[in-house]
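Worksheet for the structure shown next.
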Amino acid sequence: MKKYILSKRVLNMTVSATLKMTEMSRELKAKGIDIIALSIGEPDFNTPLNVKNAAKAAIDDNLTHYPPVPGLPLLREAISNKLKRDNNLDYLPSQIVVSTGAKHSLANVFMSILDEGDEVVVPSPFWVSYPEMIKLAGGKMVNVDTGIAEGFKLNPQQLEDAITKNTKAFLFNSPSNPTGAVYTYDELKGLAKVLEKHPDILIIADEIYELINFEGKHHSFASFGSLKDRVILINGVSKGFAMTGWRIGYMAAPLEIAKACTKLQGQFTSGASSISQAAAAEAVNTDPGTSGELKTMLKEFRKRRDLLIELMKQIPGIKTNVPGGAFYLFPDISYYFGKTDGKTIIEDSNDICIYLLENAHVALVAGAAFGSPECIRISYATSTGNLKEAVKRISNSLAALK
Ligand code: PMP
Ligand code: GLU
């Protein structure tokens, strides 16, 4: 068989653990095994009807040609209005670049700002794709551990201690994937004070879970006037509007950075799907303060969170966090390390996830992929019936470990 020689770049990359686990559970389901997938981070709701209708209208209106590389004016204006309406932030449409998902926006940013050896400070646990994207762009991720006892939140001293002369950027994600941690205004202010002392550091604020926040108002780093000209704000429609498959994300940034990302995107993708952009404009024009549909989704996520916490608390040895947002629980399951079902010894979170997939038929993601080997990530973006059944199965399988 022919042997292909792949690039070091791709050989040194890790496969996305969230997508890998999702793929594994899809394959098992296709074989007829009754898997409950709590592995993927995507809302189980359908995209709102008005958004779907906007896409249909865009097709009928023949909005089918290459869009401008940084996005349709209609969408960039809608995003500029949204940032004013929801976040009281002033961004011109020219400072906004629309991409194929927030994941792509992040990739554009890392490729545009990082040179070989530049450091990016990232609180850990972190979302699985950050380290790989930073590495691909030649950067070095400096992770700072936060623990369950502190609600998985970084404090100002930890941030100060992590900064070196090579720090190019601070990457921040609230509400967080995988922990669901939501920083309060005062906590953000504490971090902002540290960043004020380091004027060359860029701040990448991943706000993709902005609308799934149970603690009230969302606060952005861009709202600190002293930092705004260094903030690169990342957001999208995937999570808040149940639009993961449409693949639309965006960034709002200082003009020079927006232009650099546009240049890059002009060579890589020519911009995002025009039909999806028309749909995203309709979504972004929705005021979350008055939208019944968004309120219903949020209420449902909160109900599921509370149920899942209650159920998980009943399993011996598990310590759970209380997430303020997103749709993930990130419990510590290290109590089970060293135990065995008589066949395999559970050494870490990867072993637990494989054990639970094979024995409980529940798909989860190991905390190791997020920098926290003692935890597992449970996505509760599924029905309460599924959650109850999944926890029952997890509980029974864990009880078999001695
Ligand atoms: N950031 C975080 C923290 C995420 O969890 C996700 C979900 N995939 C993304 C960015 C990217 O979202 P998308 O590409 O679907 O917009
Ligand atoms: N962000 C989601 C997750 O963490 C979607 C999958 C992905 O893009 O990694 O599960």
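Atoms considered below: every heavy atom in the structure, side chains included; atoms not considered: hydrogens, waters and symmetry mates. Keep in mind that what you see is a predicted model, and the values were worked out from it rather than measured. One-based numbering, in listed order, for ligands and for the atoms of each.
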Atoms in ligand 2 with a heavy atom of [X] nearer than 4.0 Å:
X: Trp127; result: 1 (N), 4 (O), 7 (C), 8 (O), 9 (O)
X: Lys103; result: 7 (C), 8 (O), 9 (O)
X: Tyr328; result: 2 (C), 3 (C), 4 (O)
X: Leu19; result: 6 (C), 7 (C)
X: Gly41; result: 2 (C), 3 (C), 5 (C), 10 (O)

Among Lys20, Glu42, Lys239, which one puts a heavy atom closest to atom 1 (N) of ligand 2?
Lys239

Lys/Arg cation over aromatic Tyr4: Lys2, 6.0 Å, 45° cone
yes

Is ligand 2 under 4.0 Å from a heavy atom in the side chain of Met21, in the backbone, in both, or in neither?
neither

Under-4.0 Å heavy-atom contact with ligand 2, by part of Asn177 that carries it
side chain

Starting from atom 7 (C) of ligand 2, which protein heavy atom do you reach first, and at what distance in Å?
Thr18 OG1, 3.5 Å

Verify, without hydrogens or angle tests, whether Gln265 (side chain) and Ser99 (backbone) share a donor-acceptor contact under 3.5 angstrom.
no

Ring centres under 6.0 angstrom apart (Tyr336, Tyr355):
no

Taking the six-membered ring for Trp and the full ring for Phe, Tyr or His, determine whether the centres of Tyr209 and Phe327 are under 6.0 Å apart.
yes

Please list, by chain and number, the protein residues whose heavy atoms come under 4.0 Å of ligand 1.
Gly101, Ala102, Lys103, Trp127, Tyr130, Asn173, Asn177, Asp206, Ile208, Tyr209, Ser238, Lys239, Arg247

Could you tell me whether the side chains of Asp186 and Thr184 share a donor-acceptor contact shorter than 3.5 Å?
no

Between [Y] and [X], does any NZ, NE, NH1 or NH2 come within less than 4.0 Å of an OD or OE carboxylate oxygen?
X: Glu256; Y: Lys259; answer: no
X: Glu196; Y: Lys193; answer: no
X: Glu358; Y: Lys343; answer: no
X: Glu300; Y: Arg304; answer: yes
X: Lys135; Y: Glu132; answer: yes

